[in-house]
Number of protein chains: 2
Amino acid sequence: MTRAEENYIKTIFHLGGNKAQLISTNAIAEQMETKPSSVTDMAKKLAEKGLLNYIRYQGVSLTDLGSKTALSIVRKHRLWEVFLVKKLDFTWDEVHEVAEQLEHIKSEKLIDKLDELLDFPKYDPHGDPIPTKDGQFLERDKQLLSEMPLNVKGICVGVKDTSATFLKFLDKNAIALGNAIQVLEKEDFDDSLRIQIGDRQMQISNQIATNLYVKKDS
Amino acid sequence: MTRAEENYIKTIFHLGGNKAQLISTNAIAEQMETKPSSVTDMAKKLAEKGLLNYIRYQGVSLTDLGSKTALSIVRKHRLWEVFLVKKLDFTWDEVHEVAEQLEHIKSEKLIDKLDELLDFPKYDPHGDPIPTKDGQFLERDKQLLSEMPLNVKGICVGVKDTSATFLKFLDKNAIALGNAIQVLEKEDFDDSLRIQIGDRQMQISNQIATNLYVKKDS
DNA sequence: ACATATTTTTAGATTTGTCTAAATTTTAAT
DNA sequence: ATTAAAATTTAGACAAATCTAAAAATATGT
């Protein structure tokens with residue numbers, strides 16, 4: 001598999017193309033910042049190789065082989081992210097770009113040993129689950145902070161938007177994964193929220209609340 | 001810099017093209033298992049970019065910029081080798097292939113932090129020196145075992161041949177970097193040597209002796 | 001249902017890095 | 001000094017991955 005092929009497979013996976021749902025060439029092109037015609041070419045090629053189901057004018061989905069491939073790439077990406085944060089003191093807004101490169105390194109032993117060095121982490125620095133070696137993918141029971149009922153205790157477990165801008169905003173406001181979090185009040189006017197975070201209270205916009213994942217504290 | 005360009009620069013460096021000495025396109029082609037005509041094309045391109053001095057029909061050498069680039073790639077390659085051995089329990093015959101991929105990852109912070117994680121190593125697992133961040137390159141005072149005088153105490157510090165075959169042979173015979181080593185007798189007939197290694201004695205062929213680097217014990 | 005807008009594909013071109021075969025230059029031998 | 005051999009370059013072709021512009025298919029609005 002070439003690097004370009006791997007990037008297409010990964011993108012289709014992230015767009016939800018594993019669940020028999022068809023993803024349009026336009027959606028893929030937009031996500032990858034390329035042209036739809038390029039996507040069509042690659043779709044044909046990857047269908048030929050048995051990684052995609054491709055229906056002309058309809059879109060693509062991953063085959064079982066394609067899903068397996070995608071999970072392996074996602075596993076590598078997320079393990080490298082953990083490595084960068086845990087072993088090399090990268091911040092969570094710095095890891096993505098480098099992991100994009102590292103995820104293409106080919107060596108099964110490397111990834112197995114890395115997994116071991118990191119103590120078999122289950123989640124990456126953004127709270128996303130790391131697929132196991134055999135492709136198990138444990139999505140955590142989580143919901144957006146914006147959908148939490150009032151006065152229910154939760155724990156911050158992930159972010160939806162992983163852009164540096166958003167992550168740095170969270171850092172600046174001392175919001176981190178693992179923090180206790182709770183919605184105290186919803187403002188009808190702009191859907192902003194008054195929240196309890198640790199022992200502080202603060203007001204956050206709806207845009208923040210729709211990009212923070214919370215798990216109910218049990 | 002593309003991956004292909006980096007590989008050319010690195011190969012020319014290893015063939016000695018840094019010392020104003022001209023390296024032939026044939027030599028480069030052979031080393032890289034490619035065709036001389038491909039090397040010519042790339043030589044023109046890299047000369048255009050200011051990385052090589054290229055004289056038609058004569059060969060190429062690295063410019064200062066080219067040398068700097070080469071040292072940076074070699075530094076990355078060797079640091080990754082140390083990482084693989086020290087942190088992921090790779091054996092010294094397994095590291096090369098993976099480091100060939102890792103050396104192309106682009107992130108200055110990654111390499112600085114890796115260097116720090118490994119405690120700023122001076123040599124890679126084969127005893128080759130690791131260039132510093134600013135391109136300092138400390139070649140160790142060493143000589144081939146075959147050139148050591150009789151009964152002079154030495155320490156094994158490196159290998160010339162880094163093939164898996166040779167490295168595995170050394171492992172099998174418990175010859176490792178850091179071992180005390182001493183030539184006891186030279187056989188005129190086939191230039192084989194009787195050596196003292198640690199507290200054992202053994203007989204080794206000239207081919208082994210011309211691929212092991214030793215430093216005089218002082 | 002039909003015209004129009006949108007999406008998707010095709011056709012042909014481009015860039016990078018490679019190759020083969022032919023031409024050119026250098027080297028070596030007598 | 002010529003000539004043969006070896007090394008090197010040029011010219012033209014190819015595969016991968018991309019692009020633009022035009023054509024084809026699908027979706028949408030009234």
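Hydrogens, waters and symmetry mates play no part in the numbers below; they use all other heavy atoms, side chains included. First the proteins, then the strands, lettered A, B, ... as listed; each starts at 1. All of these numbers come straight from a predicted model, not from anything done at the bench.
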Atom pair distance, as rounded to whole Å: [atom1] in [X] and [atom2] in [N]:
X: A/Glu30; N: C/dT8; atom1: CD; atom2: P; value: 11 Å
X: A/Asn7; N: D/dT18; atom1: CG; atom2: C1'; value: 14 Å
X: B/Asn26; N: D/dT9; atom1: CG; atom2: P; value: 9 Å
X: B/Arg3; N: C/dT18; atom1: CZ; atom2: P; value: 13 Å
X: B/Ile28; N: C/dT18; atom1: CD1; atom2: P; value: 13 Å

Modelled atom types, side-chain donor and acceptor of B/Ser61 and B/Gln21, under 3.5 Å: no
Upstream residue (5' side of DNA chain D) when A/Met42 and B/Thr25 are each assigned their closest nucleotide: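 Closest to the 5' end, via its nearest nucleotide, is B/Thr25.
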Quick one: on DNA chain D, does A/Gln58 or A/Glu5 contact a more 5' nucleotide (nearest heavy atom)? A/Glu5
Please list, chain by chain and in numerical order, all residues satisfying side-chain hydrogen bond (donor to acceptor under 3.5 Å, both in side chains) with [X], sequence neighbours excluded.
X: A/Asn211; value: none
X: A/Thr132; value: A/Asp134
X: A/Asn7; value: A/His104

Qualifying salt bridge (Lys or Arg N to Asp or Glu O under 4.0 Å) pairs, either residue in residues 138-149 of chain B, two or more places apart: B/Glu139-B/Lys142
Taking the side chain of A/Asp41 as heavy atoms from C-beta outward, which of D/dT18, C/dT26, D/dT8 is closest to it?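 Of all the options, the side chain of A/Asp41 is nearest to D/dT18.
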Side chain of A/Tyr57, heavy atoms from C-beta onward: which of D/dT10, C/dT8, D/dT8 has the nearest atom to it? C/dT8
Sort and list the pairs that fulfil ring-ring contact (aromatic ring centres under 6.0 Å, His included) and have at least one residue in residues 110-133 of chain B, not counting sequence neighbours.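 Every candidate ring-ring contact (aromatic ring centres under 6.0 Å, His included) pair involving residues 110-133 of chain B fails, so no pair, neighbours aside, qualifies.
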Proximity to DNA chain D (any heavy atom under 4.0 Å), residues of residues 33-40 of chain A only: A/Thr34, A/Lys35, A/Ser37, A/Ser38
How would you list, by chain and number, every residue that makes a side-chain contact (heavy atoms from CB on, under 4.5 Å) with B/Leu71, sequence neighbours excluded? B/Phe13, B/Pro131, B/Phe137
Under 4.0 Å from any atom of DNA chain C, heavy atoms only: list the residues of residues 47-56 of chain A that qualify, in numerical order. A/Tyr54, A/Arg56
N or O in side chain of B/Lys44 less than 4.0 angstrom from D/dT9 OP1/OP2: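 No, outside the criterion.
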For residues 34-41 of chain B, tabulate all N or O donor-acceptor pairs below 3.5 Å that involve a side-chain atom, not counting sequence neighbours.
from    : atom 1 : to      : atom 2 : distance (Å)
B/Thr40 : OG1    : B/Pro36 : O      : 3.2

A/Gln207 atom CD, over 12 foreign heavy atoms within 6.0 Å: no
